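Note sheet for the following structure.
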Amino acid sequence: VKEAAEEKFYKAGDELHYTVTVTNTGKVKVAGLTITDTLVPFDQMVLDESVMTNGDLDVGETWTLTYAYAVTEDDVTAGVVLNRVTATDPDDPDNPVTDETETLKQSFTVTKTVAEESFDKAGDVLHYTVTVANTGMLVIADLEVTDTLVPFDQMVLEESVMANGDLDIGETWTLTYAYTVTDDDVTANVVLNIVKVTDPNDPASSGEAEAIVNINPPASGITSINVGDCYE
């Protein structure tokens, strides 16, 4: 039987801690038992034998093996660490016993859109929509949403799976809100809005999106000319 202490991982370098137990459920000692693991070689495991430290799986004995594994960049890309352990009796090599466990990486995406392409003056209202989609196989709790224009409590949140404040598996959050253009925005000729979504358990892996709305350009062309000021 194999177990992992961690339910999830976040980034390369995170350590996962495994425990494997092998129990002799028969009435014959098993000598020369081999343990193979897809992540860690046997000589890097710590073995505790419950009956006698002799390298044999004695009658009624349980071996407990513990070891750690450091998550790699490939694991992060895959979004999962699959670990399989196999115990093989050399006298019965065609019938190995196997157990495996998966440790997942939570992941989400963030997108932002704005209904208006431009604004004209102070007092104009811009309407934003932000979507946060769970692209992994884990529920993400306590997500923090921050925006450069509007606080979270002024947004309208719709949860597609369950209204529980968690980003459930397969769920999309849709946040809508409005912003009123100011005189400073008119002076700057632009409204830049950036939204950031952060998992407090993994602040380094935040999602971010931005939207830019420019002021309508003034009409171009010559409005007047004084011919008296023209010299050759």
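Keep in mind it's a predicted model, so treat the numbers as computed, not measured.
Checking Thr77 against Asp74 by side-chain atom types alone, no donor-acceptor pair falls below 3.5 Å. With 3.5 Å as the limit, one finds no donor-acceptor pair spanning the side chains of Ser50 and Thr62. Side chain to side chain, Asp184 and Thr187 fail the donor-acceptor criterion of an N or O pair below 3.5 Å. Between Ser118 and Asn214, the side chains place no donor N or O within less than 3.5 Å of an acceptor N or O (distance only, hydrogens not considered). At a cut-off of 3.5 Å, with distance as the only test, a side-chain donor of Ser107 or Thr135 sits close to an acceptor on the other residue. Residues Tyr177 and Asp147 have side chains that bring a donor and an acceptor to within less than 3.5 angstrom of each other. At a cut-off of 3.5 Å, with distance as the only test, a side-chain donor of Thr111 or Thr131 sits close to an acceptor on the other residue. Defined by atom type and a distance below 3.5 Å, a donor-acceptor pair is missing between the side-chain atoms of Asn24 and Lys29.
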Task: side-chain contact (heavy atoms from CB on, under 4.5 Å) evaluation trace for Val76 with Phe9 - done: CA-CA 8 Å; Val76 172; Phe9 67 91; 4.2 Å; yes

TODO: Go through the steps for Asn193 and Val114 under the test side-chain contact (heavy atoms from CB on, under 4.5 Å), then give the verdict.
DONE: CA-CA 10 Å; Asn193 192 11; Val114 58; over 6 Å; no

Open item on the list: Quick one, Tyr128 with Leu149, criterion side-chain contact (heavy atoms from CB on, under 4.5 Å). Give me CA distance, side-chain angles, the key distance, then yes/no.
Closed with: CA-CA 10 Å; Tyr128 294 91; Leu149 296 180; 3.7 Å; yes

Open item on the list: With side-chain contact (heavy atoms from CB on, under 4.5 Å) as the criterion, how do Val132 and Leu167 come out once you've worked through the C-alpha distance, each side chain's angles and the decisive distance to 0.1 Å?
Closed with: CA-CA 8 Å; Val132 185; Leu167 187 63; 3.9 Å; yes

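Listed by first and then second residue, the ring-ring contact (aromatic ring centres under 6.0 Å, His included) pairs involving residues 37-63 amount to none (not counting sequence neighbours). Each ring-ring contact (aromatic ring centres under 6.0 Å, His included) pair with one or both residues in residues 65-88, not counting sequence neighbours, appears once here: Tyr18-Tyr67.
With sequence neighbours excluded, the residues that form a side chain to side chain contact (heavy atoms under 4.5 Å, CB included) with Asp142 are Pro200. In this view, Ala68 and Glu15, His17 satisfy the side chain to side chain contact (heavy atoms under 4.5 Å, CB included) rule, not counting sequence neighbours. Contacts of Ile215 classified as side chain to side chain contact (heavy atoms under 4.5 Å, CB included), with partners at least two apart in sequence or in another chain: Phe119, Val186, Asn189. Annotation: side chain to side chain contact (heavy atoms under 4.5 Å, CB included) contacts of Ile194 (sequence neighbours excluded): Thr148, Leu192, Glu208, Glu210.
A donor-acceptor pair is defined here as one N or O able to donate and one able to accept, closer than 3.5 Å; no such pair exists between the side chain of Asp166 and the backbone of Asp168. Without hydrogens or angle criteria, Gln106 side chain to Ile140 main chain gives no donor-acceptor distance under 3.5 Å. Here the side chain of Asp185 pairs a donor or acceptor atom with the backbone of Thr182 at under 3.5 angstrom. Side chain of Thr176 to backbone of Thr129: no donor-acceptor contact under 3.5 angstrom is found. Looking only at distances, a side-chain donor or acceptor of Glu49 sits under 3.5 Å from a matching main-chain atom of Gly55. Side-chain N or O atoms of Glu159 include one that pairs as donor or acceptor with a backbone N or O of Gly165 at under 3.5 Å. When atom types are taken as modelled, the side chain of Glu171 and the backbone of Ala133 share no donor-acceptor pair closer than 3.5 angstrom. Under a 3.5 Å cut-off, the side chain of Thr38 and the backbone N or O of Arg84 do form a donor-acceptor pair. In terms of modelled atom types and a separation under 3.5 Å, the side chain of Asp14 and the main chain of Tyr10 share a donor-acceptor contact. Side-chain N or O atoms of Asp124 include one that pairs as donor or acceptor with a backbone N or O of Lys121 at under 3.5 Å.
Residues Tyr179 and Leu157 share a single hydrophobic cluster, defined by chaining ILVMFWY side chains whose heavy atoms lie under 4.5 Å apart. Hydrophobic clustering (ILVMFWY, side-chain heavy atoms < 4.5 Å, transitive): Met137 and Val81 are in distinct clusters. Val145 and Leu126 fall within the same hydrophobic cluster, defined by Ile, Leu, Val, Met, Phe, Trp and Tyr side-chain heavy atoms under 4.5 Å apart, directly or through other members. Follow the hydrophobic side-chain contacts under 4.5 Å out from Leu138 and you never reach Phe108; the two are in separate clusters. Leu104 and Leu16 fall into different hydrophobic clusters, where Ile, Leu, Val, Met, Phe, Trp and Tyr side chains are chained together by heavy-atom contacts under 4.5 Å.
In this structure, Thr146 and Val195 have side chains that are not in contact, with every pair of non-hydrogen atoms separated by 4.5 Å or more. Within the 4.5 Å cutoff, the side chain of Val80 has no heavy atoms near those of the Asp75 side chain. A 4.5 Å side-chain heavy-atom check between Val28 and Val59 finds every atom pair outside the cut-off.
Salt-bridge annotation for Lys2 and Asp37: present, with a side-chain N of the basic residue lying under 4.0 Å from a carboxylate O of the acidic one.
Interatomic distance, Thr109 OG1 to Asn134 CG, rounded to the nearest 0.5 Å: 9.0 Å. In this structure, Thr23 OG1 and Leu57 CG are separated by 7.5 Å, a value rounded to the nearest 0.5 Å.
Heavy atoms of other residues, nucleotides or ligands lying less than 6.0 angstrom from NZ of Lys112 number more than 12.
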